[in-house]
Amino acid sequence: MRRLDWENGSDLSGCDDPAEVEDAFERGERFVGIALIGVSLSVPDAGRVGPLVLRALHSGSKETRLQGLTALSHMVRLTGEVDRPTLEVLRALLRSPDQEIKEHADSVAADVWIFTPHSRLPIWLRARATIRALRWWLEQCWWTITGQYK
């Protein structure tokens, strides 16, 4: 087993051991989010990765929350699964006053919609996707109508 460089964070994206990430959370490692992204890309088990993602989303560090969102996106793409508590945190992050977190959460919510069976998703996410599709359609109609009458 290779030793990870927690001091500089240089090779943490290659981490493939959820236990290593759990230990890093316990130690309060600065670059734990990078290692979490590595785990989310290499471990196709939402039951093992999901609790770590949830922990990152609850982090006091903005950087770790953003990396947790990235890891959530990778996990959903790889497994097609996400649990309700994680979806509720994602919902809260969609309303974050921090614009960067809000925009990243929006992108992740789109991935959740694409890669998770819709029957497993809560009604708020289904409604969100329907409203976004309707908005897109209305914009297309508007530009088509106004473009013809210019």
Side-chain angles (χ1 to χ4, degrees), residues 1-140:
M1 184 164 124
R2 73 170 191 232
R3 184 160 160 71
L4 297 174
D5 180 9
W6 290 102
E7 183 70 29
N8 299 311
S10 60
D11 64 347
L12 295 177
S13 62
C15 181
D16 60 1
D17 182 6
E20 181 74 30
V21 174
E22 183 66 40
D23 291 344
F25 271 117
E26 294 300 323
R27 293 190 308 269
E29 294 288 353
R30 179 175 156 212
F31 298 114
V32 68
I34 297 170
L36 176 58
I37 291 170
V39 166
S40 70
L41 286 166
S42 61
V43 178
D45 181 357
R48 292 183 71 200
V49 179
L52 299 173
V53 167
L54 190 57
R55 190 166 181 179
L57 296 178
H58 283 293
S59 172
S61 162
K62 175 182 174 179
E63 185 175 350
T64 302
R65 281 193 311 278
L66 287 168
Q67 291 163 338
L69 283 166
T70 300
L72 173 58
S73 185
H74 291 314
M75 181 189 80
V76 168
R77 288 173 183 219
L78 197 59
T79 67
E81 298 176 21
V82 62
D83 64 8
R84 295 289 174 163
T86 303
L87 287 172
E88 289 309 314
V89 173
L90 176 60
R91 185 179 190 186
L93 292 175
L94 286 165
R95 296 180 291 221
S96 173
D98 185 307
Q99 194 62 29
E100 187 178 9
I101 289 177
K102 188 176 183 176
E103 288 173 4
H104 199 45
D106 185 62
S107 175
V108 173
D111 282 348
V112 169
W113 178 253
I114 292 168
F115 294 101
T116 305
H118 298 166
S119 61
R120 295 184 193 167
L121 296 175
I123 194 73
W124 68 263
L125 194 53
R126 292 186 222 175
R128 180 182 182 279
T130 302
I131 290 167
R132 291 173 68 88
L134 181 59
R135 182 183 308 143
W136 178 86
W137 182 79
L138 289 171
E139 286 174 0
Q140 296 305 306

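- A heavy-atom distance below 4.5 Å is found between the side chains of Leu90 and Leu69.
- Contact of the Val89 side chain with the Leu54 side chain is registered, since non-hydrogen atoms from C-beta on lie closer than 4.5 Å.
- Every ring-ring contact (aromatic ring centres under 6.0 Å, His included) that Trp113 has, sequence neighbours left out, goes to His118.
- Listed for the Arg126 side chain is a donor-acceptor partner under 3.5 Å among the backbone atoms of Leu121.
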Assess whether side-chain contact (heavy atoms from CB on, under 4.5 Å) is satisfied between Val112 and Leu125, documenting all intermediate values.
CA-CA 9 Å; Val112 169; Leu125 194 53; 3.6 Å; yes

As a quick check of understanding, evaluate side-chain contact (heavy atoms from CB on, under 4.5 Å) for Leu78 and Leu41, giving each step before the final call.
CA-CA 7 Å; Leu78 197 59; Leu41 286 166; 5.9 Å; no

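- Between Glu81 and Val76, every side-chain heavy-atom pair lies at or beyond the 4.5 Å cut-off.
- In this structure, the separation between CG on Leu36 and CZ on Phe25 is 5.5 Å, given to the nearest 0.5 Å.
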Evaluate side-chain contact (heavy atoms from CB on, under 4.5 Å) for Val32 paired with Gln67, printing each intermediate quantity in order.
CA-CA 9 Å; Val32 68; Gln67 291 163 338; over 6 Å; no

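- Residue Glu103 holds its CD atom at 13.5 Å from CG of Leu93, rounded to the nearest 0.5 Å.
- Of the listed residues (Leu138, Thr130, Ile131), just one forms a side chain to side chain contact (heavy atoms under 4.5 Å, CB included) with Leu134, and that residue is Leu138.
- Between Arg30 and Glu63 there is no salt bridge, since no side-chain N of the basic residue sits under 4.0 Å from a carboxylate O of the acidic one.
- Between Arg132 and Asp106 there is a side-chain heavy-atom pair separated by less than 4.5 Å.
- Rounded to the nearest 0.5 angstrom, Ile101 CD1 and Gln99 CD are separated by 10.5 Å.
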The test is salt bridge (Lys or Arg N to Asp or Glu O under 4.0 Å); show your working for Glu22 and Arg48 and say whether it passes.
CA-CA 10 Å; Glu22 183 66 40; Arg48 292 183 71 200; over 6 Å; no

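- Using a 4.5 Å cut-off on side-chain heavy atoms (C-beta onward), Asp83 and Leu87 make no contact.
- With respect to Glu100 and Arg65, no salt bridge is recorded, no charged nitrogen being found less than 4.0 Å from a carboxylate O.
- The SG atom of Cys15 sits 11.5 Å away from atom CD1 of Ile37, with the distance rounded to the nearest 0.5 Å.
- Between the side chain of Thr86 and the main chain of Val82, no donor-acceptor pair closer than 3.5 Å is present.
- Looking at Thr70 and His104, their side chains do bring a donor and an acceptor atom within 3.5 Å of each other.
- Note that CG of Leu72 is 10.5 Å distant from OG of Ser107, once rounded to the nearest 0.5 Å.
- A search for side chain to side chain donor-acceptor pair (under 3.5 Å) contacts involving Lys102 returns nothing, not counting sequence neighbours.
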Start with the C-alpha distance between Glu88 and Trp124, add both sets of side-chain angles, then the distance that settles side-chain contact (heavy atoms from CB on, under 4.5 Å), and finish with yes or no.
CA-CA 10 Å; Glu88 289 309 314; Trp124 68 263; 3.4 Å; yes

